[in-house]
Amino acid sequence: MQKSIDVGVFIPTVSRGWFHSVNTRYLPGTYEHVLHVVRGAELWGYDFVLSPQNWRGTKGTSKYWRHSLNSMAVTGALLQATNRIKVWSTGYVTETPPAVFADTLATFDQIAPGRIGLNIVTGGKKDIFDTLGMWDDSLDHAERYEKAAEWVDVVKALWTQDVVNHDGKYFHLYDAMMDPKPSVLPTLVNAGASESGLKFAIENCDIAFIACGDDPELIQAAKDSRRLAESMSDRPTKIYALLTLIPGETSSQARELMEWIEAGVDLDGLADMESGYRANKSFDKLSSSSLSLIGGKDYRSVQRGTIVGSYDELPEMLARVVTEAELDGVMLIVPDYIEHLQSLALRTFPRLAEFGITTRLSSPKINANIRP
Ligand SMILES: Cc1cc2nc3c(=O)[nH]c(=O)nc-3n(C[C@H](O)[C@H](O)[C@H](O)COP(=O)(O)O)c2cc1C
């Protein structure tokens with residue numbers, strides 16, 4: 001039986017992308033680069049792109065994320081610059097009133113009806129909020145998700161009701177009226193990995209993102225997430241995995257690229273990130289996803305479960321992860337968002353069909369007559 005999945009890209013609006021290393025391919029975190037990446041992703045058939053939101057870069061030799069573009073501003077521009085691909089943005093719900101995002105996303109829908117989505121982030125890294133002067137120490141980890149759930153209720157009410165009155169624990173709106181409404185409800189996603197985060201995603205969002213990869217524990221966590229979603233709803237939230245891929249023409253070339261990136265690991269930058277999480281009084285409640293980089297000697301330049309292989313090996317490797325983890329979609333991180341995304345789209349993803357997985361990238365309409 002064939003299974004169809006969505007394939008998207010976590011776009012590098014942040015310098016160094018997701019590589020904690022001084023050895024990275026061209027990842028400047030500039031709009032010019034991201035525009036090329038997203039136009040390519042649309043051309044090659046990817047389903048969606050998502051930009052992260054970050055308010056503070058890190059100290060350290062790689063200057064990781066020192067160049068971070070604002071997710072909302074970039075999304076508006078990218079929606080105008082594209083025709084088909086979905087362009088999803090990220091917003092911190094704990095520091096922005098729901099009406100501001102309801103209004104912004106409804107405006108995005110005017111630019112590109114039906115291609116809109118929001119990644120809802122509650123935030124656990126205190127120094128990011130210190131940049132805004134807005135860290136709320138009164139909220140613990142679970143309360144941030146409780147506030148996020150009420151935030152979503154208000155946003156959905158503003159998108160669907162003529163007049164909104166809401167007197168809740170965190171938000172109070174009276175006689176609120178907001179138009180235009182979005183043409184279709186924007187896709188809501190969340191990447192909470194803790195119990196409260198995952199439950200929030202299942203109860204309030206269309207898609208739960210989880211960090212996954214070629215690692216039995218991460219695959220099991222993905223399956224557990226699906227079981228939880230199924231037990232909580234008749235129309236379970238979809239489970240998409242964040243995957244880091246290190247491709248190459250040959251397996252040794254892919255391994256060499258991985259070794260080169262790892263050789264430049266930015267330990268000072270990673271320590272700086274860790275201190276941002278440690279400053280949160282709920283540090284011990286933060287999930288393994290946000291803590292995957294924490295552990296001093298265990299620091300690595302890449303996400304746990306990173307998949308390293310040649311374009312010819314990757315179809316089988318990817319199909320196994322997708323099948324075993326029971327995924328509905330994947331979102332990719334790669335070292336080179338031009339060369340790698342193009343070759344993966346033309347050479348690797350079409351071959352997942354041999355293992356029972358189809359994607360938009362394997363559509364004959366898209367790939368007819370294309371030879372790499
Ligand atoms: C795919 C993905 C995208 C994420 N995007 C962001 C982001 O843009 N900004 C951010 O501060 N955190 C981001 N996170 C972190 C999550 O929102 C979440 O805080 C983290 O996975 C820890 O889960 P928890 O909040 O349940 O402890 C992302 C995580 C993943 C896996």
Side-chain angles (χ1 to χ4, degrees), residues 6-14 17-18 29 48-58 64-65 68-72 74-75 88-96 101 117-132 134-135 139-149 187-205 207-213 218 221-222 224-225 228 238-244 273 276-277 280 282-294 302-306 325 327-333:
D6 278 352
V7 185
V9 182
F10 210 7
I11 48 173
T13 51
V14 282
W18 287 266
F48 67 91
V49 295
L50 170 67
S51 61
Q53 179 57 46
N54 166 57
W55 298 104
R56 178 191 183 272
T58 62
Y64 184 79
W65 285 5
S68 283
L69 303 179
N70 178 279
S71 179
M72 291 294 145
V74 165
T75 298
W88 297 342
S89 49
T90 294
Y92 279 93
V93 302
T94 29
E95 48 79 16
T96 317
F101 274 117
L118 179 68
N119 173 28
I120 298 168
V121 173
T122 55
K125 196 164 169 285
K126 179 173 178 288
D127 56 11
I128 288 183
F129 290 83
D130 285 342
T131 298
L132 307 176
M134 289 187 75
W135 177 251
L139 295 179
D140 67 19
H141 186 260
E143 284 167 332
R144 275 180 221 288
Y145 279 107
E146 182 187 57
K147 184 173 178 182
T187 304
L188 296 183
V189 316
N190 173 260
S194 60
E195 196 185 333
S196 42
L198 196 55
K199 282 191 174 153
F200 164 79
I202 292 168
E203 280 168 355
N204 298 281
C205 299
I207 297 168
F209 274 103
I210 49 149
C212 196
L218 296 178
D224 293 346
S225 306
L228 186 68
K238 291 180 176 171
I239 309 289
Y240 285 24
L242 178 63
L243 298 178
T244 301
M273 284 202 95
Y277 284 112
N280 181 344
S282 294
F283 175 76
D284 58 336
K285 299 272 184 345
L286 296 178
S287 67
S288 56
S289 162
S290 52
L291 297 180
S292 59
L293 55 84
I294 291 180
V302 292
Q303 186 193 348
R304 192 173 148 200
T306 290
L327 301 172
D328 299 301
V330 295
M331 179 166 71
L332 307 182
I333 290 171

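From a predicted model like this one, the values you see are computed outputs, not experimental measurements. Numbering of ligands and ligand atoms starts at 1, following listing order. Hydrogens, waters and symmetry mates are skipped; everything else that's a heavy atom, side chains included, is used.
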Would [X] count as a contact of ligand 1 if the rule is a heavy atom under 4.0 Å away?
X	answer
Lys125	no
Phe10	yes
Lys285	no
Asn54	no
Tyr240	no

Inset, instruction - Quick one: pull up CG in Asn119 and OG1 in Thr187 and give me the separation to the nearest 0.5 Å. - result: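 Here the rounded value is 11.5 Å.
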Inset, instruction - Working to the nearest 0.5 Å, report the span between CG of Leu188 and CG of Leu118. - result: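 One finds 6.0 Å between CG of Leu188 and CG of Leu118.
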Legend entry - Exam field: side chain Asn280 to backbone Gly124, donor-acceptor pair closer than 3.5 Å: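 Yes; at least one donor-acceptor contact below 3.5 Å.
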Legend entry - Side-chain donor/acceptor of Thr58 to backbone N/O of Met273, under 3.5 Å: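 Between the backbone of Met273 and the side chain of Thr58 there is no qualifying donor-acceptor contact (under 3.5 Å).
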Inset, instruction - Number the atoms of ligand 1 from 1 as they appear, then name those within less than 4.0 Å of a heavy atom of Gly197, with their elements. - result: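 Ligand 1 atoms under the 4.0 Å threshold to Gly197: 26 (O).
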Inset, instruction - Would you mind listing which atoms of ligand 1 come within a distance below 4.0 Å of any non-hydrogen atom of Ser194? - result: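 Selected atoms, number and element: 24 (P), 26 (O), 27 (O).
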Legend entry - Among Glu195, Gln53, His141, closest by any non-hydrogen atom to atom 27 (O) of ligand 1: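 Considering heavy atoms of Glu195, Gln53, His141, the nearest to atom 27 (O) of ligand 1 sits in His141.
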Inset, instruction - Kindly confirm or rule out an N or O of Leu50 lying under 3.5 angstrom from an N or O of ligand 1. - result: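 Such a contact does not occur with ligand 1.
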Inset, instruction - Classify the angle between the aromatic ring planes of Phe10 and Trp18 as parallel (below 30°), tilted (30 to 60°) or perpendicular (above 60°). - result: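 It falls in the parallel class, under 30°.
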Legend entry - Contacts of Lys147 that satisfy side chain to side chain contact (heavy atoms under 4.5 Å, CB included) - sequence neighbours left out: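 Result, side chain to side chain contact (heavy atoms under 4.5 Å, CB included) vs Lys147: Thr94, Leu139, Tyr170, Phe171.
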Inset, instruction - Give the contacting part of Asn119 toward ligand 1: side chain, backbone, both or neither, where contact means a heavy-atom distance below 4.0 Å. - result: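 Just the side chain.
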Legend entry - Non-neighbouring partners of Asp127 that pass side chain to side chain donor-acceptor pair (under 3.5 Å), sequence neighbours left out: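 Partners of Asp127 by the side chain to side chain donor-acceptor pair (under 3.5 Å) criterion, ordered by chain and then number, come out as Arg56, Lys125.
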